Amino acid sequence: MDAGNRDLGVLVVGVGFLGSLRTAAVAAARGMKLVAVLDPDEARARAVAARHAVCTLPDMATGLAMPGVDLVIVATPHSDHAQAVHAALSAGKHVLCEKPLATSPEDARALAYQADAAGLRLATGLNHRFYKPISDALDLIRSGALGRVDSVRATIGHSATAEFLSGWHSDPRISGGGTLADNGPHACDLIRHLLTEVVAVKGYVQQGLHLPEGCETEAFALFRNHDLGVGELHSSWSQPEGYLTLEIRGTQGHLRVETAPWLLTGRVRSGKAIRRRYVSERLAEKAYRWRHGCESSLVLELESFVEGLATGLPGPAATGWDGVRAAEMVAAVYESDRTGEEEFIAPWRDAPEILVREDAPKERVA
């Protein structure tokens, strides 16, 4: 399947809360054209389709056979991801799947191999990489502004509402877990990129809020890498404020990233202080969301996907293999909690090498 120089035709499968945002992001992204949407809730599908002047479809098979569909975005409940991605890849379509790529690392790994074998691009929806303060922090670290990163502390979550907990997220047969399966993949992805690849984890989960067994409300983990750097993760459905906070300490500097609201502070190798409040960027983001109906990180992620297809390089968007690693990290935390032991995370033996982009950004200070 070759889209040539035309915009990629996109089918969105699942248009609930996040799927509707993904649909709006497709409409706003350069290099893409929304073709159709699909959701078992017909009224919801019709409402989203009407908003973007596209058609609804009765089932996925119809969508995969539809002319002009080059890319499938999967935003269904977690337990449906593996089957939907497999079907799309089997039909010769590129795929972007919401995190988690699958509810088990084995299924995620099979999908990544399937995409590679078919010469198709598989991406995992980990848009937090594109939050402005996070992308700025990543640029600083890649430039060597902090020296070697020794520790990362990631806190992520929200105060789960009764409405949220009454849905499928609190059913571990569908969600694959609780807060760790929900928000954890984002934090895992960032920890391994800030700290470099992790090799082991000691994990704990805690039940609460009268939820079913296997649906934790708190998750704690200590990851370590080859140099014994430590990544600390706390994912919560009882977080009173904020959303995602990162504290990064290196041999020659430190950074703190906050995402609610955006803020980047710290001190870098040169001795200069960093304090970026992103006032103008936050105002621009608010206007962007009002205009397009979604946050800019989702659009930037899709445009990175299009660029990657054109150049053949990974780019900043998360690949299928990134999704595999996040799934392995989440599963290792659950296994460590079960056994009470540190769980080792096997290195990739056959996965493609991770390409390092040339001309790493130089250190920038405010």
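Not measured: the values here are computed from a predicted model.
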Backbone N/O of [Y] and side chain of [X]: donor-acceptor pair under 3.5 Å:
X: Glu216; Y: Gly178; answer: yes
X: His169; Y: Leu165; answer: no
X: Ser336; Y: Ala332; answer: no
X: Ser170; Y: Gly167; answer: yes
X: Thr62; Y: Pro58; answer: no
X: Ser175; Y: Asp171; answer: yes
X: Arg121; Y: Asp116; answer: no
X: Arg282; Y: Arg277; answer: yes
X: Asp337; Y: Val205; answer: yes

Do [Y] and [X] meet the salt-bridge criterion of a basic N to acidic O distance under 4.0 Å?
X: Asp70; Y: Lys93; result: no
X: Glu258; Y: Arg256; result: yes
X: Glu281; Y: Lys132; result: no
X: Arg338; Y: Glu343; result: no
X: Glu342; Y: Arg224; result: yes
X: Arg129; Y: Asp322; result: yes
X: Asp39; Y: Arg44; result: yes
X: Glu328; Y: Arg109; result: yes
X: Arg148; Y: Asp227; result: no

How close do [X] and [Y] get, counting heavy atoms only, and between which atoms?
X: Leu120; Y: Gly92; result: CD2-O, 3.6 Å
X: Gly231; Y: Leu195; result: N-CD2, 3.5 Å
X: Tyr288; Y: Cys294; result: CD2-O, 3.6 Å
X: Cys188; Y: Leu233; result: SG-CD2, 4.0 Å
X: Cys55; Y: Met66; result: SG-CE, 3.7 Å
X: Leu246; Y: Ala154; result: CD2-CB, 3.6 Å

If you count every heavy atom of other residues, nucleotides or ligands that lies below 6.0 Å from [X] atom [atom1], does the total exceed 12?
X: His86; atom1: NE2; answer: no
X: Phe17; atom1: CZ; answer: no
X: Gln83; atom1: CD; answer: no

When rounded to the nearest 0.5 angstrom, what is the spacing between [atom1] in [X] and [atom2] in [Y]?
X: Tyr113; Y: Leu122; atom1: OH; atom2: CG; result: 13.5 Å
X: Leu302; Y: Phe305; atom1: CG; atom2: CZ; result: 8.5 Å
X: Ser235; Y: Asn183; atom1: OG; atom2: CG; result: 4.5 Å
X: Thr155; Y: Glu247; atom1: OG1; atom2: CD; result: 6.5 Å
X: Arg249; Y: Ser151; atom1: CZ; atom2: OG; result: 6.5 Å

Under 4.5 Å between any side-chain heavy atoms of [X] and [Y], yes or no?
X: Val199; Y: Asn225; value: no
X: Val198; Y: Met329; value: yes
X: Val12; Y: Val10; value: yes

With hydrophobic residues grouped by side-chain heavy-atom distances under 4.5 Å, do Leu138 and Leu140 end up in a single group? yes
Is it true that His78 and Trp168 have ring centroids separated by less than 6.0 Å? yes
Does a side chain donor of either [X] or [Y] reach within less than 3.5 Å of an acceptor in the other side chain?
X: Ser296; Y: Glu285; result: yes
X: His81; Y: Glu98; result: no
X: Thr179; Y: Ser236; result: no
X: His128; Y: Tyr243; result: yes
X: Ser297; Y: Glu295; result: yes
X: Gln114; Y: Ser90; result: yes

Option from Val257, Thr265, Leu263 for which side-chain contact (heavy atoms from CB on, under 4.5 Å) with Pro133 holds: Val257
Report the C-alpha separation of Lys202 and Glu232 in whole Å, then their side-chain angles, then the decisive distance to 0.1 Å, and conclude whether the salt bridge (Lys or Arg N to Asp or Glu O under 4.0 Å) test is met. CA-CA 10 Å; Lys202 186 73 168 68; Glu232 180 181 342; over 6 Å; no
Describe, in one word, how the ring planes of His234 and Phe220 are oriented to each other, choosing from parallel (under 30°), tilted (30 to 60°) and perpendicular (over 60°). parallel
